[in-house]
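Because the structure is predicted, anything quoted here is derived from the model rather than measured. Keep in mind that the numbers below use all heavy atoms, side chains included, and drop hydrogens, waters and symmetry copies. Along the sequence shown, residues are numbered consecutively beginning with 1.
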Amino acid sequence: IGLPTGVFGKGNFVVGDIKLVGGTIQDAEGTDADLTGYVAPTPTGVLINRAGPTITVTDGDTETSVAGDIIELTATYLHDVIVTGTPQIDINVGGTVRQADYVSGSGSTELVFQYEIADGEEDTNGITIPGPEIILNGGTINDTAAGDPALRTFNSGAPDTSTVLVDAVAPTVVGSPTGPIAGSYGNGDELDITVVMSEAVTVDQTGGTPTIPLTIVGQFRNADYGSG
């Protein structure tokens, strides 16, 4: 039987008697089959046009998110669903389980969930989605057609999130600055001071040049950023 998209089954349906409708059921000799022993089955657990959502990453993939950035997941159903409350999807960021909250999509097939990266979070191997289903969190997700709770277990499992990277850890100064090298310096010579950072940084001099103040024999000077 071919099923139209508007037909929904929530686990059971009724099977009737065999009806010939003008046809025949015969053996090779042309004898009509005796159908009196037919007993209609009572199937259960048969879901028709009902499946859990497919989860995809719709913001934050193939990039490194920093504090304030949004990681967005979209749960796509086969048909429209109605949402109340704030369901969630668990995500693991650097070994800590966080929650992407439902933000929009009720009445449609696509539900949007978002998580905002916080200061200090880091995941250089890609976040993961540990849970096999959407968490209701006191809310509901119901089929609009069947009027029953929608299935929440991920269809086809969690998506690949190995390229959803997070680095909201601020770079820091490592150890003490070094230099200038001991020696005699004259007019025009440069005094170099080296500062080591915990990770590669970019120095933007558009609005000004970073400096380190120096006091040399009672006189104030600035060591301006030069390179690195």
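Note that CD of Glu133 is 11.0 Å distant from CD1 of Ile55, once rounded to the nearest 0.5 Å. Distance CG/Asp192 to OG/Ser227: 8.0 Å, rounded to 0.5 Å. How far OG1 of Thr96 is from CD1 of Ile127: 12.5 Å, rounded to the nearest 0.5 Å. Once rounded to the nearest 0.5 Å, the distance linking OG1 of Thr56 with CG of Asp61 reads 9.5 Å. Rounding to the nearest 0.5 Å gives a distance of 6.5 Å between CG of Asp80 and OG of Ser108. Atom CD1 of Ile141 sits about 10.5 Å away from atom CD1 of Ile135, to the nearest 0.5 Å.
Looking at every heavy atom in both residues, Glu199 comes nearest to Ala170 through OE2-C, 4.4 Å. When all heavy atoms of Pro210 and Gln205 are compared, the closest pair comes out as CD-CG, 4.4 Å. Contact record, Ile134 with Ala75: CD1-CB, 4.0 Å, taken as the closest heavy-atom pair. Of all heavy-atom pairs spanning Val97 and Gln99, the tightest one is CG1-NE2, 3.8 Å. Nearest approach of Pro159 to Val57, heavy atoms of both residues: CG-CG2, 4.5 Å. Considering every non-hydrogen atom in both Val166 and Thr64, the closest pair reads C-CG2, 4.1 Å.
With Thr153 contributing its side chain and Gly52 its backbone, the two residues share no donor-acceptor pair below 3.5 Å. Using modelled atom types, no side-chain atom of Arg98 and backbone atom of Ile91 make a donor-acceptor pair closer than 3.5 Å. Using modelled atom types, one side-chain atom of Asp123 and one backbone atom of Gly94 make a donor-acceptor pair closer than 3.5 Å.
Defined by atom type and a distance below 3.5 Å, a donor-acceptor pair is missing between the side-chain atoms of Thr161 and Thr128. Side-chain contact, Thr74 with Thr58: a donor N or O sits under 3.5 Å from an acceptor N or O. Of the N and O atoms on the side chains of Thr209 and Asp224, not one donor lies less than 3.5 Å from an acceptor on the other residue. A donor and an acceptor atom, one from each side chain of Tyr115 and Glu121, are located under 3.5 Å apart.
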Practice task
Apply the test side chain to side chain contact (heavy atoms under 4.5 Å, CB included) to residues Thr54 and Phe154: give CA-CA distance (whole Å), side-chain angles for both, the deciding distance (0.1 Å), then the verdict.
Solution key: CA-CA 6 Å; Thr54 299; Phe154 302 156; over 6 Å; no
Exercise for the section: Would you please test Asn222 and Ile212 for side chain to side chain contact (heavy atoms under 4.5 Å, CB included) and show each step? Expected result: CA-CA 6 Å; Asn222 288 321; Ile212 297 176; over 6 Å; no
Practice task
Check step by step if side chain to side chain contact (heavy atoms under 4.5 Å, CB included) holds for Ser65 and Ile71.
Solution key: CA-CA 8 Å; Ser65 297; Ile71 292 178; 4.3 Å; yes
Practice task
Take Asp143 and His79 through the side chain to side chain contact (heavy atoms under 4.5 Å, CB included) test and state the conclusion after the steps.
Solution key: CA-CA 8 Å; Asp143 293 323; His79 46 84; 2.7 Å; yes
Exercise for the section: Would you please test Thr76 and Thr109 for side chain to side chain donor-acceptor pair (under 3.5 Å) and show each step? Expected result: CA-CA 6 Å; Thr76 302; Thr109 59; over 6 Å; no
Exercise for the section: Evaluate the criterion side chain to side chain donor-acceptor pair (under 3.5 Å) for residue pair Thr86 and Asp101; output intermediate values, then yes/no. Expected result: CA-CA 6 Å; Thr86 309; Asp101 293 329; over 6 Å; no
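Note on Tyr225: it does not cluster hydrophobically with Val196, by side-chain heavy-atom contacts below 4.5 Å among ILVMFWY residues. Linking ILVMFWY side-chain heavy atoms closer than 4.5 Å, directly or via other members, places Val83 and Leu78 in two distinct hydrophobic clusters. Tyr102 is connected to Leu136 through a chain of hydrophobic side-chain contacts under 4.5 Å among Ile, Leu, Val, Met, Phe, Trp and Tyr, so both are in one cluster. Linking ILVMFWY residues whenever their side-chain heavy atoms come closer than 4.5 Å, directly or via other members, places Val195 and Val201 in the same cluster. Residues Leu151 and Ile82 are members of separate hydrophobic clusters, defined by side-chain heavy-atom contacts under 4.5 angstrom among Ile, Leu, Val, Met, Phe, Trp and Tyr.
The only option from Val164, Thr163, Leu165 that meets the side chain to side chain contact (heavy atoms under 4.5 Å, CB included) definition with Thr62 turns out to be Thr163.
Counting heavy atoms of neighbouring residues, nucleotides and ligands inside a 6.0 Å radius, atom CG of Leu20 exceeds 12 of them. In Phe220, the CZ atom is not crowded: 12 or fewer heavy atoms of neighbouring residues, nucleotides or ligands sit closer than 6.0 Å.
Taking Glu190 as the reference, nothing meets the side chain to side chain donor-acceptor pair (under 3.5 Å) condition, with sequence neighbours excluded. Judged as a side chain to side chain donor-acceptor pair (under 3.5 Å), and not counting sequence neighbours, Glu110 has no contacts.
Residues Glu122 and Val169 are in side-chain contact: their nearest non-hydrogen atoms beyond the backbone lie under 4.5 Å apart. Residues Pro87 and Asn137 fail the side-chain proximity criterion, which asks for heavy atoms closer than 4.5 Å. A 4.5 Å side-chain heavy-atom check between Leu73 and Ile129 finds at least one atom pair inside the cut-off.
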